Amino acid sequence: MNLLAIGAGIAAISGIGAGIGIGIATGKAVEAVSRQPEARGSVMQFLLLGGALSEATAIYGLLVAFLIIFFMKP
Amino acid sequence: MEIGQSVVFTIPIFGGIPVTTTVVVTWIIMAILTIASLIVTRGWNQVPTGVQNFVETIIDALNSFTKDALGEYWASFAPYLGTVALYLILANTIDLFGLTPPTKDLSATSALAIMSIIVVIIASIKAKGLKGYAKSFFEPMPFFFPMKILDMFTRPLSLAARLFGNIIAAFIIMGLISKVVPIVVPAILSIYFDLFDGALQMVVFVFLTMLYIEEAVE
């Protein structure tokens, strides 16, 4: 169980990448809106898409952690 | 804490079909939506008043949202997107009423994702015709064929895994918090984890489905 817990913890590290990705995406979106406030709607759409796509990596890490905990019984 | 769904009862035919909480809660949501739509749409007339105003505003917002993205094909796909949105907003936030959210089950989210990809394929065939759809696998050059085939599987996978992962993560975190601090704190955090995250995941699912349809009809 100990090694399984460590493995699940390592899988959850993938959250770092998603955090950085969403941070960069949001920062750039704020820049774009402050440059062109009238393009707010379309920037918002791309931000939502980019956020959802980069968040997917964290979700895959979470899924791997769940699979390790629940389906790899020692 | 268990990742699988608990079985409520078993239908005693074909050697017993187990009925899980997912199915039962989905039935409850179906009943809520059906009864609510019957009650809300009663006694409507040409000039809207009260509830009718509110409902028409929401439908208008959905219609203009899809019209912007899909162009001339919006009328065929707005009802599907609206139905999925209504189901998902109820399913994601039903944890507030003490029921297990059905989207916590990977089977339920997979079913939704497969529905979405079938709608995307239908949209593509409708826009390009059967021949044009077959040809679209080899565009811009035949080299892309394996990637297009792979795309058919990764899209529903990522749709299903995203919804499932977000909802189960919120569910587990809420469970842990209410074990550590049983009063006050879970109520405040459930505004984020149940209401905001549920609504956001609904928007993301509907938006991504619409984006795939938009790409298909172009």
Side-chain angles (χ1 to χ4, degrees), chain A residues 1-2 4-30 32-33 36-74, chain B residues 1-6 61 64-70 81 85 88 103-107 109-110 113 116 151 153-173 175-176 193 196-197 199-215:
Chain A
M1 187 59 211
N2 283 337
L4 285 183
I6 292 171
I10 292 173
I13 290 177
S14 67
I16 294 174
I20 295 172
I22 295 174
I24 292 173
T26 314
K28 296 280 182 192
V30 170
V33 170
Q36 267 184 310
E38 66 271 17
R40 196 162 186 256
S42 54
V43 169
M44 191 73 193
Q45 281 195 358
F46 283 116
L47 174 61
L48 211 62
L49 176 68
L53 290 180
S54 58
E55 181 201 54
T57 57
I59 297 298
Y60 294 149
L62 181 79
L63 273 181
V64 170
F66 278 148
L67 290 178
I68 290 172
I69 292 175
F70 290 106
F71 296 109
M72 286 184 63
K73 296 276 159 57
Chain B
M1 214 170 286
E2 194 57 45
I3 198 170
Q5 298 288 316
S6 51
S64 67
F65 183 61
T66 46
K67 214 181 279 185
D68 281 345
L70 304 183
L81 294 171
L88 279 180
T103 38
K104 184 178 152 287
D105 191 355
L106 189 54
S107 313
T109 57
S110 308
S116 282
D151 213 33
F153 295 96
T154 53
R155 276 179 182 182
L157 178 73
S158 77
L159 272 180
R162 176 177 302 118
L163 189 56
F164 163 74
N166 272 293
I167 301 302
I168 199 169
F171 188 82
I172 287 176
I173 290 171
L176 289 178
F193 283 116
F196 179 71
D197 200 31
L200 188 70
Q201 289 315 311
M202 180 273 281
V203 170
V204 166
F205 190 94
V206 171
F207 183 74
L208 280 178
T209 306
M210 201 185 69
L211 213 81
Y212 293 153
I213 295 174
E214 186 186 355
E215 198 184 330

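Predicted model only: the values in this text are computed from it and were never measured.
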Contact part of B:N166 toward chain A, heavy-atom cut-off under 4.5 Å: side chain, backbone, both or neither?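 Backbone plus side chain of B:N166, per the 4.5 Å heavy-atom cut-off to chain A.
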With only heavy atoms counted, which part of B:F205 is less than 4.5 Å from chain A, the side chain, the backbone, both or neither?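 B:F205 has no heavy atom closer than 4.5 Å to chain A.
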Hey, could you give me the [atom1]/[atom2] distance between [X] and [Y], rounded to the nearest 0.5 Å?
| X | Y | atom1 | atom2 | result |
| --- | --- | --- | --- | --- |
| A:I22 | A:T57 | CD1 | OG1 | 7.5 Å |
| A:T26 | A:K28 | OG1 | NZ | 12.0 Å |
| B:L200 | A:E55 | CG | CD | 7.5 Å |
| A:F66 | B:I168 | CZ | CD1 | 4.5 Å |

Residues at least two apart in sequence or cross-chain that pass salt bridge (Lys or Arg N to Asp or Glu O under 4.0 Å) with B:D151, listed by chain then number, are B:R155
B:Q201 vs B:L88 side-chain heavy atoms within contact, under 4.5 Å: no
Residues of residues 206-213 of chain B contacting chain A, heavy-atom criterion under 4.5 Å, by residue number: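 Within residues 206-213 of chain B, the residues that come under 4.5 Å of chain A (heavy atoms only) are B:F207, B:L208, B:L211.
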Run the side-chain contact (heavy atoms from CB on, under 4.5 Å) check on B:S158 and A:Y60 step by step: do they pass? CA-CA 9 Å; B:S158 77; A:Y60 294 149; 3.0 Å; yes
